[in-house]
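Take a look at the structure set out below.
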Amino acid sequence: MSDSSSAIQSVLVENRVFPPPEALVKAARISGMAGYEALCAEANKDFEGFWARLARENINWTKPFTQTLDESNAPFYKWFADGELNASANCLDKHMGTPVENKTAIIFEADGGEVTKVTYKELLARVSQFANALKARGVQKGDRVLIYMPMTIEGIVAMQACARIGATHSVVFGGFSAKAVQERIQDAGAVAVITANYQLRGGKELPLKAIVDEAIASGGCECVKTVFVYERTASAWARVAGRDISFAEAVAGQSTECAPVPVEAEHPLFVLYTSGSTGKPKGVQHATGGYMLWAKLTMDWTFDIQPSDVFWCTADIGWVTGHTYITYGPLAAGATEVVFEGVPTYPNAGRFWQMIERHKVSIFYTAPTAIRSLIKAADSDEAVHPGKSDLSSLRILGSVGEPINPEAWMWYYKNVGQERCPIVDTWWQTENGGHLITPLPGATPLVPGSCTLPLPGIDAAIVDETGNDVPNGSGGILVIKRPWPSMIRTIWGDPERFKKSYFPEELKGYYLAGDGAVRDAKTGYFRITGRIDDVLNVSGHRMGTMEIESALVAKSDLVAEAAVVGRPDDLTGEAICAFVVLKRPRPTGDEAKQIAKELRDWVAKEIGPIAKPKDIRFGDNLPKTRSGKIMRRLLRSLAKGESITQDTSTLENPAILDQLAQNN
Ligand code: PRX
């Protein structure tokens, strides 16, 4: 018996195991564990041949590649390097002249509920026209374009148009601050910004263009020559003459045809900034060929996408999930997808379920944090319970972004999936490009809270600090031992940091994910236990503790020192807890509350509201060793409200612990 089939045998004797529905096993692309194992065996037998076959079958190359993997300059791996393709052509042009041409590509539901649909043919025309508008403003292959857009068809058009002309996009989530936009413009050297006058979320109109203006006005953004402004609402916006142009003006008179520019497989399709363990976010650079292969392949493998499916990923295009499973994957697969502008709780917390019914969604992909908040809402208001909507169109559910606790998993399975729909708990990261460890809906027996097994060809393992495998059942460091096509290529402008962050010498050249994990002793199934570095996961959003610390100490009139840690939170997974030493005597009572508010608002301005600390505690000092090192493990215990039972004998100032135990 092979490894994985014996794994499956033993998984089945566990308590809560959910085998895939029979009908799905029969019909799915990867059928049963035998289908999964056959692909794993093929990858094991001929690693490069396996990827070459898939790349030829799934991607339209304008120039075929002859070399699959180039490891000569590891860890700067290259895939399909002498091949050429265009990402947008692989999403749009390839469907022309096929039945997909007139199929609905996007069903857009606005915040207020209005629904707009575009076909593949119409989307191609809009992308081409906007690509021509970019060219008319001098944007060309190799340029970087920053996109700061709401969740709209135009956001996707903007990304696809960049890809079409070989410009590298860098999307910044619409909740980030002017400072964050400024830093990303500078780091990427963006020649243009694509934004909207306002975004609509939960019935509110929130500015975007004004934030771009503030970012550029803060200095160092001379590289930006054009700001394109999509007029999402009728509200006026301030125009900088010569620089700013509305979408309508930009596309006026432009042709709806634009030949896609072939680029080398390694050409950077996008740079997406994410948090690491230093104060400066990392520009994760992805390559066109390998990334597009992954976007297409995982739509087929993980979601078993079929022509009749209506796919809905609830992420924002500002995150990697939105890149791969909104902008590129579903279109590459020729699917119909729902794109949603608003928030899950507006006008009420039944919005997701009502939308599934309205658009007959068959594959629904969301985050544990959304599920947890909707459970809470449904518990207190029967009217927004998923049972109130007709969810019979659903066939597959997905989860992404953070570990899903087994209770939330069971609720999702029972109340949303009605015990019919497999849940694919997909583990991956901005750096991975797409799913790496995930169940397959027509193959893998599911265990709540486990992302189960790696995709074929993905050599995931759990090792100790020296890179040696740990036995199943004991926890360790999650690594990927061999390269894969959609892996991060470098950190934009900082190859040294790329090497140090992801391929540390002590780990034998393996890719270091930054997560802790454990494999089940019997089944070998993976369970992710969370980050092992100074990165937090708050509502599925990645935040660096150092980033928040730097923001706090940047308030230099007030803050002397700050340390940030995470603590578990029922709703958001993790919550941000900041320990702060002020340049004035430690405040208490109302004064402490008022300063805590001031600091929260400050962090929102420096990074964005998602980085606001939930708890802020003031002390005369921080717990430090005699050599001056902050003892973070003590802070973590304090944040959790645990009494300190750990050894504090090396602490210089033990009295400080009592002060810091108090929350504001
Ligand atoms: O800690 C893991 C967690 O999210 C991190 C990656 O965050 P980001 O780059 O923002 O990408 C999120 C969307 C892909 C990982 O290091 N994570 C993501 N998916 C899961 C997860 N943790 C547990 N289970 C998952 N399914």
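Counting starts at 1 for both ligands and their atoms, following the listed order. As a basis for the values below, the full set of heavy atoms in this structure was taken, side chains included, without hydrogen atoms, waters or symmetry mates.
A donor atom on one side chain and an acceptor atom on the other are not found under 3.5 Å apart for Thr444 and Tyr525.
Using a 4.5 Å heavy-atom threshold, the side chains of Pro281 and Arg184 count as touching. Side-chain atoms of Met159 and Val157, non-hydrogen and from C-beta on, never get closer than 4.5 Å to each other. Here the side chains of Pro454 and Phe526 are in contact, with some heavy-atom distance below 4.5 Å. Counting heavy atoms from C-beta on, the side chains of Arg29 and Leu440 never come closer than 4.5 Å. The closest side-chain heavy-atom distance from Tyr291 to Arg489 is not below 4.5 Å.
Considering both main-chain and side-chain atoms, Gly530 never comes within under 3.5 Å of ligand 1 through any nitrogen or oxygen pair. In terms of N/O distances under 3.5 Å, ligand 1 is approached by Arg542. Considering backbone and side-chain N/O of Thr321, none are found under 3.5 Å from N/O of ligand 1.
Remark: minimum distance from atom 15 (C) of ligand 1 to any protein heavy atom is reached at Asp515 OD2, 3.1 Å. Looking only at heavy atoms of the protein, atom 3 (C) of ligand 1 is closest to Gly401 O, 3.3 Å.
In this pair, His541 and Trp319 present their aromatic rings parallel. The plane angle is below 30°, not in the 30 to 60° band.
Annotation: Phe176 is not in aromatic contact with Tyr273 [ring centroid separation under 6.0 Å not met].
Those atoms of ligand 1 with a heavy atom of Ile528 less than 4.0 angstrom away are 22 (N), 23 (C). Every atom of ligand 1 is numbered from 1 in the order shown, and the set under 4.0 Å from a heavy atom of Asn537 is 3 (C), 4 (O). Remark: ligand 1 atoms within the under-4.0 Å shell around heavy atoms of Val400 are 13 (C), 14 (C).
Between atom 6 (C) of ligand 1 and the options Trp428, Trp319, Tyr325, the minimum heavy-atom separation is to Trp428.
Here Asn432 has no heavy atoms under 4.0 Å from ligand 1, in either its backbone or its side chain. The proximity of Thr430 to ligand 1, defined as any non-hydrogen pair under 4.0 Å, involves the side chain as well as the backbone. Using a 4.0 Å cut-off between heavy atoms, Glu402 contacts ligand 1 through its backbone alone, with no side-chain atom that close. Both the backbone and the side chain of Pro403 come within 4.0 Å of ligand 1, counting heavy atoms alone.
Tested against Trp51, the residues Trp484, Tyr77, Trp294 include a single ring pair (Phe, Tyr, Trp, His ring centres under 6.0 Å) partner, Trp294.
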